[in-house]
Amino acid sequence: MLDLDRAWARPAPDRAQVRADVVGGVVAAVASVVSVEVWRSGARIELSDPLLVYGLFALAGLLFAGRRRFPLTTLILESVIFIVIGEHQAQLGVVFTLQIVLFVALYSAWAWSRRPRALMATSAVVIVAMFGWLVWQFVREDPPTAPRVGLLPQYGAMIAYSLTINVIYFFGAMAWGHGAWRSARQRAEIADRIVAERHAQDRDRDSAVQAERVRIARDLHDVVAHHVSGIGVQAAGAGRVMDARPEVAREALSVIETSSRQAVQQMHQLVGLLRADDERGDRVPQPGLAEIASLASPDDRPAVTFRRVGDPFDVPPTVGLSMFRIAQEAVSNLRRHAGACAGEIVLRFVPAGEQEAAAVEVEVIDDGSATTSGAGSAPTSSSGGFGLTGIRERAAMHGGEAEIGARPDGGFRVRVRIPVAT
């Protein structure tokens, strides 16, 4: 059953489509005039008013230019021209260009009209007029008197054949045009859904970045608070022994100087990050590089092993905390999403070179499928981060680099390298 729900309004044709219709109208006008001349020459038809006939055929072709911009007006005018030509020169009513133009006009009305009620009314008027004119043609003609040569009477067979062809012609054009309209609606709905999903993804990504920055700010706050607390203890001790043991006081002041510089350096990393209100109470010490080994689980499935490369050296607490969070995120995703049999955590200490600063590097690899590997596909994890977004945010905050993707020999890799001043 034909679904005539046309609540959606199809957008008007763009400039390229209008230009194509104008070119098509010129081509149709030329083809119509040429087809008339070819037909009348082959059928030996004398035109009673050649100028009027050629003008009507040319006009029928030119009206093709408005089939998408003014579909209903074009349909009405094409129908009027068809009937006028049929009444004025009946032998030319079968010229194929005229029939094609009328078919396209009816198709375009149903494919492009943005006024449902006007479309229904116009189509009804055209159908009634065309079939009424067709019936009138049979009524005013004298029935043939030749003897029957088939199963049906000649007159009845001609009427049945003509009505069947015209029903297929007109209602086929309407159904085809309505199908084109529905296809355009489906494409528009798909495009709208894609845009909506893209906006939702953008909002989720922004929320993820914001949430991860809040988490980073909280972690850095704890690390800096450690420095400030140490400064307070050293300052109090220096005040007590300032007179009795000045060398101890100087040592405490030196520690205060070093710790304050580190605190200021780490506080710079908080600029631009949001911090959520935290619940009151004691907080456990924040993890660092030493705790990365605890993320390994050789006896579980998938088995995750730990390996350290290079001689360890001290790194800022903020770097150690970020590296632990990155490894925690990658391992969590590996276990939940990778479909891997085994994974490995590699912690590398890269000494300073002639032109490069020292760096610390953490790498999590697995042997799972590259398309489903956890580090790449997981949006969230039990560590509270936000997948790759959080990993990249943490690496960028310390001026580091993140390499995330499929491994050439299979599996997935998350590798983060952060330069440090030793």
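In what follows, every heavy atom counts, from backbone to side chain, and hydrogens, waters and symmetry copies are set aside.
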Determine the minimum heavy-atom distance between V360 and M323, stating which atoms define it. O-CE, 3.1 Å
Sequence neighbours left out, what passes side-chain hydrogen bond (donor to acceptor under 3.5 Å, both in side chains) with S108? Give chain and number order. R67
Might you work through the side-chain contact (heavy atoms from CB on, under 4.5 Å) test for L334 and F412, ending with a clear yes or no? CA-CA 9 Å; L334 183 155; F412 207 85; over 6 Å; no
W136 atom CH2, neighbour heavy-atom count above 12 within 6.0 Å: no
Side chain proximity check, F324 to E329, heavy atoms < 4.5 angstrom: no
Please round to the nearest 0.5 Å and tell me the distance separating atom CD of E37 and atom OG of S32. 13.5 Å
Can you list the steps and then say if T318 with H398 is a side-chain contact (heavy atoms from CB on, under 4.5 Å)? CA-CA 9 Å; T318 51; H398 296 287; 3.8 Å; yes
Please check if the number of heavy atoms outside Y161 that lie under 6.0 Å from its OH is greater than 12. no
Candidate pair R392 and I404, rule side-chain contact (heavy atoms from CB on, under 4.5 Å), full reasoning: CA-CA 9 Å; R392 292 192 174 97; I404 303 173; 4.1 Å; yes
Do any N or O atoms from the side chain of E87 and from the backbone of V84 form a donor-acceptor pair under 3.5 angstrom? no
Among L289, L321, I418, side-chain contact (heavy atoms from CB on, under 4.5 Å) partner for V315: L289
Checking salt bridge (Lys or Arg N to Asp or Glu O under 4.0 Å) for the pair E363/R415: CA distance, chi angles, key distance, verdict? CA-CA 4 Å; E363 182 180 40; R415 186 185 69 86; 5.2 Å; no
Is it true that a side-chain atom of D367 and a backbone atom of C341 form a donor plus acceptor pair closer than 3.5 Å? yes
Is the count of non-hydrogen atoms from other residues, nucleotides or ligands lying under 6.0 Å from I165 atom CD1 greater than 12? yes
Test your reading of the model: is there a side-chain donor-acceptor pair from S322 to the backbone of V319, 3.5 Å cut-off? no
Looking at W112, is R10 sitting on its ring face, NZ or CZ under 6.0 Å from the six-membered ring centre and within 45 degrees of the normal? yes
So, for Q17 and R68, which heavy atoms are closest and what is the spacing to 0.1 Å? O-NH2, 3.3 Å
Side chains of I326 and Q328: closer than 4.5 Å at any heavy-atom pair? no
Exam field: side chain T305 to backbone E344, donor-acceptor pair closer than 3.5 Å: no
Look only at the side chain of Y169 and the backbone of Q99, and say whether a donor-acceptor pair between them is shorter than 3.5 Å. yes
Any D311 side-chain heavy atom under 4.5 Å of F349 side chain: no
Straight-line distance of L106 CG to S123 OG, nearest 0.5 Å: 6.0 Å
Is the distance between the ring centroids of W8 and W181 less than 6.0 Å? yes
Near-ring test F170/F103, centroid separation under 6.0 angstrom: no
Ignoring hydrogens and geometry, is there a side-chain-to-backbone donor-acceptor pair from S79 to L75 under 3.5 Å? yes
Is any side-chain heavy atom of F306 closer than 4.5 Å to a side-chain heavy atom of V346? no
Correct closest heavy-atom pair for T97 and A31 would be CG2-O, 3.8 Å
Criterion side-chain contact (heavy atoms from CB on, under 4.5 Å) on D14 and V18, from CA distance to verdict: CA-CA 6 Å; D14 54 31; V18 173; over 6 Å; no
Minimum heavy-atom separation for A60 and V101, please, with both atom names. O-CG1, 3.3 Å
Does V27 reach the side chain of F64, with side-chain heavy atoms less than 4.5 Å apart? no
State, yes or no, whether a side-chain contact exists between I365 and R407 at a heavy-atom distance under 4.5 Å. yes
When rounded to the nearest 0.5 Å, the distance separating NE2 of H199 from CG of D202 is 6.5 Å
Spacing of L119 atom CG and L72 atom CG [to the nearest 0.5 Å]: 6.0 Å
On a heavy-atom basis, which atom in T74 and which in L63 lie closest, and how many Å separate them? CG2-O, 3.4 Å
For I345 versus A296, what's the shortest heavy-atom pair and its separation? CD1-N, 4.0 Å
CG of L134 to CG of N166: how many Å apart, nearest 0.5 Å? 5.0 Å
Do P298 and V304 come close enough that some side-chain heavy atom pair is under 4.5 Å? no
Could you check whether any side-chain heavy atom of E361 comes within less than 4.5 Å of a side-chain heavy atom of V309, counting everything from C-beta outward? no
Would you compute the distance between atom CD1 of I81 and atom CG of L56 and round it to the nearest 0.5 angstrom? 6.0 Å
